[in-house]
Structure formats: structure tokens, C-alpha cells
Amino acid sequence: MDVSFILDSLNDKQRDAVAAPLQNSLVLAGAGSGKTRVLVHRIAWLMHAYELSPYSLMAVTFTNKAAREMQGRIEELVGVPPQGMWVGTFHGLAHRLLRAHWRDAGLKENFQIMDSDDQLRLVKRIMKSMNIDDTRWPPKQVCWFINAQKDEGRRAAHVPDSHDPFSKGMRELYYHYEEACENAGLLDFGELLLRAHELMLTNPPLLRHYQERFRHVLVDEFQDTNTIQYAWLRVMVGDQGTITAVGDDDQSIYGWRGAKIENIQNFTKHFKDVQTIRLEQNYRSTGHILNAANGLIKNNDDRLGKELWTESGEGDPISLYAGFNEQDEARFILGIIKQWRDKGTSLSDMAILYRSNAQSRVLEECLVREQIAYRIYGGHRFYDRLEIKNALAYARLALDPNDDGAMERVVNVPPRGIGERSIGTLREMARDEGCSMWRAAQIIVEKSLMPARATNAIKSFLHLIEGLNTTVQQPDLNLNDIFEQIIEEAGLIPFHEKEKGEKGEARIENLKELVGAAGGFSWSDEDEEFSSPLMAFLDKAVLDAGEAQADEYQEAVQLMTLHSAKGLEFPLVFLTGVEENLFPSKMSFEEPGRLEEERRLCYVGITRAMEKLYITYAESRRLFGSESFNSPSRFIKEIPVECLEEVRLRSQVSRPVSMQRPDYQTEKNRLQNSTVLNNFKAPEVNVSMGDRVRHPVFGEGLVINYEGQGPQARVQVNFDDEGSKWLVLSFAKLEVL
DNA sequence: CTGGCGGTTCTTTTT
DNA sequence: GAACCGCCAG
């Protein structure tokens, strides 16, 4: 069989990775080095060269988007959809296993997946019933604790005993939470993974079956695996199977969520005969951008080691702009955006990146003012929206009226006279009788245990759900019909119409969108594990962010956090707010290793840029209501100086040294009026913004500003002991540290 | 059940 | 600075 079509379009290293023998391999794929390509071609190669059936392959990703993309590209390359192959996210595949083997996994047949919102509600409910002080144990933290334990593969019983009352309480709550989930048949995200892992460990025949089936497992973004995901992979691969792990230790940015960079660092120790291949040729960015990224990331220890290079030229140096404040920073960015737009660049080819969401506001305001379309990437996911979750809760209730979580959620949405008091009675009754709230409601209505008004209200709710229940069971109804009915009967549209502002309108739009999404849902897949299309749809809704986002504007500047930028690329990128305390975030100073993760985040940011990168920071920034004066980020000085070029305003004059800035107002006005921008190259002397320098008299300090060129060039240095001073570069004997 | 008030908190986010 | 929560009054 001619397999050359699989290898022809690849470079040498990519070919090595794709045509590697059928053994364990680790592909260290730098940013923009064709990672997904290698993965997809590797799959094709396995099928054609080693004649592995798609049935014996499993490919694991983190996001649904990545899974979909991989699936699509396999089809594209091979020509047909790979029948029988498992392609999905960790959670999706774990879920699939659990649906198929729910009994072996010790689950109820109709178990449900909770998202983080449901989880938080459940925790709150449990704590309330236990009368626990939620100021000492904030529910959010409890969730966080439970999730962190599950990420590590620990059940409540495995959490080490502790004497301090706080940890004891946490552990106690975890126990109760486990119990509540068990009783209600609820699984949170972490539980999917944990349970799937346990399922394999406790069922040797089942494990053997899957180990024999999956001859080769492929994993994307391996650097982001957490302990339980890694454990599950190792179990699934076993002694006979083999694995291809693709990842980049330099892009591990989810440590705070339990990802273990050690998994990729120790990969070769845990798996036998690992062939390691490095993909270092970058097809995305210019030389200067890559050199900056390389120079920065070199400052991290314990790297597996990689250096990106490109055949395309140096390109433009990275431009560094020191904004006077965050307003000035935004104004500068908008100026450049307009320049590029007028040159003919599409707005969607431009991205503004920031460390934290709070930074987007000033930028947004500026974009609105300049009437430039923008889109904020990420943010609230479609299926996470309040109105959508309500509609889904109605569907869940219709399917199973005993679903207390759903009942709690919508029993009084829209308001129908079942207030906190009535709900409390229902809850209490359910607990005493050991039944669901639904059953409790029935009893209350039957025996008229509550005031007439409340009883009537509950009665009509019961009728509503009973009606929906028969609707849902009509076999000839489509999913979109079902949701249309639900929305209609529950009166969700008039409810949102009453909302003030544009919010209600958007919500109604989203509900319509939901009907559309439900209509487009195909259940004919190989998902025979599900008992009904509606159930399958509800599960999908929990596990999938919902690509059907109502607002995917074509022509718009992309705004997003650095985290959500991973995996994307743009010709023009702005890396904003690159200041100490902000980026790296000051939160990262305490824990060891966190600073390195921030640096990797910066590396991710830099490598998003294809043609041109702007790095900006502000000398003063208003954030959370108060003003702060941060120095330029240490990351700036870690970028090789020859890759950087400072952007200076043309009529720059000496700037006041003190933080008080006596002529703040005039300075501000001057900046506002000065629309002409100009570029000046740094002087020959190797000093740049953010450098640490030593002066023979004043000692050590940080370069925080400079102006002028040639013999007149002066720098402002903030000395550790002497405060900040302006020095003429050609006279001051500065030594760069 | 709604509206208003004060107090608190505020990286990053997918599943 | 604003968003969210819990509390209280109507």
C-alpha cells in the first residue's frame, strides 16, 4: 500500500514522529510546530503502515474543540470517518465508559453529570442542612478542595487526617458530599475521571478487554494532564499497549488546576523504551518573536529543552510601549489597530491579550469609543448561562421529577408563589421521609399540609411538570419541539421579557438558540450507551461548552486572557499589562514554581504572534478602585534586547520622577493631544527597560525609563537605596546585571 | 417576593 | 469600581 501521502508534506522531524515504530513515544512539540498535524498523520500512519484498525486506537484531548478538530482532520486525511476509533476528551471518554458499564462502576443507570455551578449549589445545600458556618468554610473553597482532592485521585477516605479544625471540616464536608452525590446519582467532573479509573482497577476482566482493544493511545497537550488523568492513561495503556504523548512542557499553564508538569518530565521513566522527538521548527512566527520567546523561557529550570527556529526571516522587532497609565496604553493600542486596519489587515487577525479579565474593561471602552468591533473570547459558556441552565433543568425534571437539583433550581423560576419558606418545608419533608422533594410536594398537596395559597402554588407546579413529563415521552417529538414546549409551558419567555435592560432580550435569544441547538443534535452516533436522545443531549450540554455561540463576529478584534489564547495564532498581537504584580501576578510570588508557570504563560503569549508583537505596560494603573505603580515586568528584561524596540512619543520631555507627579494633568493632556507616534531605537549601550544595573556610586537599581538617543541618551534608574535618578548614559558607568 | 442597602472580595478556566 | 451576597423592610 502506498503510504507516501501521509509523509510527503512533513518535515524530517515531523516524519520521525509520525513514522515512529509502534512503541511509546514522546513528541515535544514547540508552539507552532505542527503538533496537531503530527497527531493526525500519526493516526493515519498507524492505520496504514501497521494496519491497526481504528477500533484499536484512542485519541484523547482536553477540550471538545480539539477533539472535534482532530476528528475532522483525520477524516480529511484518510477520506472516511475512522469507524470505531475513540476520539474525545478525558471527561467525554470517561463518561462513555461509565455509561457503558454503569453497573460495574457502582452507579445508577440514570446517573447525571453536574457542572461546577450545580456542584456549588449542592455543596451549599449540604452545608445548610448541616448547619455549617459558611464564613469559616466558604462553599467555593469547599468545592475547590473537593475538586483538588479528586484531581489527585483521593476520595474522602484517602484524605490524610489532620488536627487542624479547618482541614478536618473540609474532610468532613467531602464525606457528606460524596454521600449526597451517591444518593442522588450525581457525578461532578472530577468524579468522572476518578470513577473511570476505579472502574478499571476493580474490574480486571473489563480492564483486560480495553487493554487488548486499545493497542495505541494518543494524547494531546500532555503537559496539562493531572494526576488522575495520568493514572487512568497508564492503566488503559497497560503493559501491552503503547502511547504517543504530544505536548510542550514550556506551555504548561494549568498547574493551579492540578495539572502536573512532572507527568511530561517523567514520561520516559514511567513508560518503557520511549522515543523522544522534538519539533522545533516553527511555522508561525518571525525570527525576532521566536528569539524573544526562546530568551524568555531559558530562565526556567527543569525544562526538557527546546529551541524554536524558523526559516522565515527575522521580521519586525517586538515593539515595547510604556503607557503613562492604562488609558494611555489602550489609546496606543487602538492607534496601532487603526493603522493596521487602514493598511488592510482584517480586525479578526488582531488579538489583545491580558493576564486577568479585569483588564479588558478599559480596552473595551476604548474600542467602543473608536467604534471598532471586538469580541471577547471565552467568558460565559453557552450552556452555562442562567436561562439555558433553567431550561435544561426543566428538561431534567420532565425526565425525572425526583431530580432534586433541578427542582431546587426552577421550582420558583419564574416566580410562582413557592418562596424560600415553602421550599424549606419541602426540603425538610423530603429529608424526614427520605424521599425526593417532588414526592414531598405530592404528599403536601394530597394532605393539604400547607396554607391553601402555598398548596395551590405547588399543585400547579406539579401539573406543569407532569404535563412536561408526558411531552417528553412522546416518541415522535423532536428535541427542538420538546424544548419549545418546555419554554412555552414554563413561561420562560414572558419571564425574561419582564427583565429590564437588554439582558432579557439576549436571554430570549439564547433560549431560541437552545431550541436550534437541540434540533441540530444528532443522536445516531455510536452512542448506544444512552437511553434517550434527550438524556444524551443533556449530558452533552454539561460536558460541552456549546460551540453554537450566538456572537461569533467575523470582523472583530479578539480580546482574551493569555490562558484562553493557548493554541491560537494571530498576525498582530498585543501583550498588555506586562507589569510586576500583574504579570507575573503577585499571587505567584508565594508558592514555588508558580513564577515559572507565569513565565510559561508569557511564552505562550509571545508565541501567539505571527508577524508583529507589541508588548505594553502602564506606569500607573487603576485596578480594583485604587491606583498602583508597578514596574515593568521582569519578563521584559528577560527578552533579548536585540529583539526589542521601544516606542516613544515624539515630543518626550523629562518626566517627573516622584510618584506624586505634580504636573499629572498637563502630562495627561499632552499625551492625549499627541497622536503622532514615532519609533526610536535603543542606544548602542546595552541597557533597556526593566534591566537591573549597577552604578559605582548609587548601587543596584532597575531601569524604569529612558529618553533621547546617542550622546544625549538618558536613563531613569530606580535605585534600591537611593530612589530614582536620571543619568546620562554616556557618562554613567552602568553595568548591566 | 421584590428592592435597596452595606459589606466583602477581586488570577488564570475546561470538563 | 463593580459584582455578588446576605440581610432587612415593605
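The sequence lines fix the lettering, A, B, ..., with proteins before strands; numbering per chain opens at 1. Keep in mind the model is a prediction, meaning the values are calculated, not measured.
- Here B/dT11 is the nucleotide among B/dT15, B/dT11, B/dT2 with the atom lying nearest to any side-chain atom of A/M587.
- The aromatic rings of A/F635 and A/F583 sit perpendicular to each other, their planes meeting at more than 60°, with 30° as the lower class boundary.
- Applying the 4.0 Å criterion to OP1 and OP2 of B/dT11, one finds that A/N357 has every side-chain N and O outside that range.
- Note: NZ (A/K140) to P (C/dC5) measures 6 Å, nearest angstrom.
- Glycosidic conformation, B/dT11: syn, with the torsion inside 90° of 0.
- OP1 or OP2 of B/dT13 lies within a sub-4.0 Å distance of a side-chain N or O belonging to A/T561.
- Out of C/dG1, B/dT11, B/dT15, the shortest distance to the side chain of A/R622 is found at C/dG1.
- If you check every strand for non-hydrogen atoms under 4.0 Å, A/E221 touches nothing.
- Here A/I418 lies in heavy-atom contact (under 4.0 Å) with sugar-phosphate atoms only.
- Residue A/T63 has no polar side-chain atom (N or O) positioned under 4.0 Å from OP1 or OP2 of B/dT14.
- Separating the CG atom of A/D118 from the P atom of B/dT15 is a distance of 16 Å, rounded to the nearest angstrom.
- Remark: C1' of B/dT12 and CZ of A/R599 are 17 Å apart, rounded to the nearest angstrom.
- Of the possible polar contacts, none joining the A/E198 side chain to the A/A105 backbone as a donor-acceptor pair under 3.5 Å is found.
- The side chain of A/R257 lies closest to B/dT14, out of B/dT14, C/dA2, B/dT12.
- Remark on DNA chain B: of its neighbouring residues A/S356 and A/P415, the 5'-side contact belongs to A/P415, judged by nearest-heavy-atom nucleotide.
- For A/F145 and A/W137, the ring centers sit 6.0 Å or farther from each other.
- Within the 4.0 angstrom heavy-atom criterion, base atoms lie near A/S116.
- Here the C1' atom of nucleotide B/dT12 and the CD atom of A/E597 are 9 Å apart, to the nearest Å.
- Atom CD of A/E364 and atom P of C/dG1 are 17 Å apart (whole Å).
- Nucleic acid contact class of A/F624 (heavy atoms, under 4.0 Å, all strands): base.
- Residue A/F90 and nucleotide B/dT15 are not classified as a stacked aromatic pair, given the requirement of ring centres less than 5.5 Å apart at an interplanar angle below 30°.
- Rounded to an integer number of Å, the gap from A/W256 CH2 to B/dT11 C1' is 8 Å.
- Judged by closest nucleotide on DNA chain B, A/G417 is the one of A/G417 and A/R594 placed further toward the 5' end.
- Taking 4.0 angstrom as the limit, A/R381 places none of its side-chain polar atoms (N or O) nearer than this to OP1 or OP2 of B/dT13.
- Atoms CG (A/N412) and C1' (B/dT2) sit 12 Å apart, rounded to a whole Å.
- Using cut-offs of 30° and 60° on the angle between ring planes, the pair A/Y254 and A/W256 is tilted.
- By the 4.5 Å heavy-atom criterion applied to side chains, A/I333 and A/L363 are counted as neighbours.
- A sub-4.0 Å separation between OP1 or OP2 of B/dT15 and a side-chain N or O of A/N64 is present.
- When the C1' atom of B/dT9 is taken as reference, atom CD of A/Q141 falls 12 Å away, rounded to whole Å.
- A/R599 places no side-chain N or O within donor-acceptor distance of the main-chain N or O of A/L595, the cut-off being under 3.5 Å.
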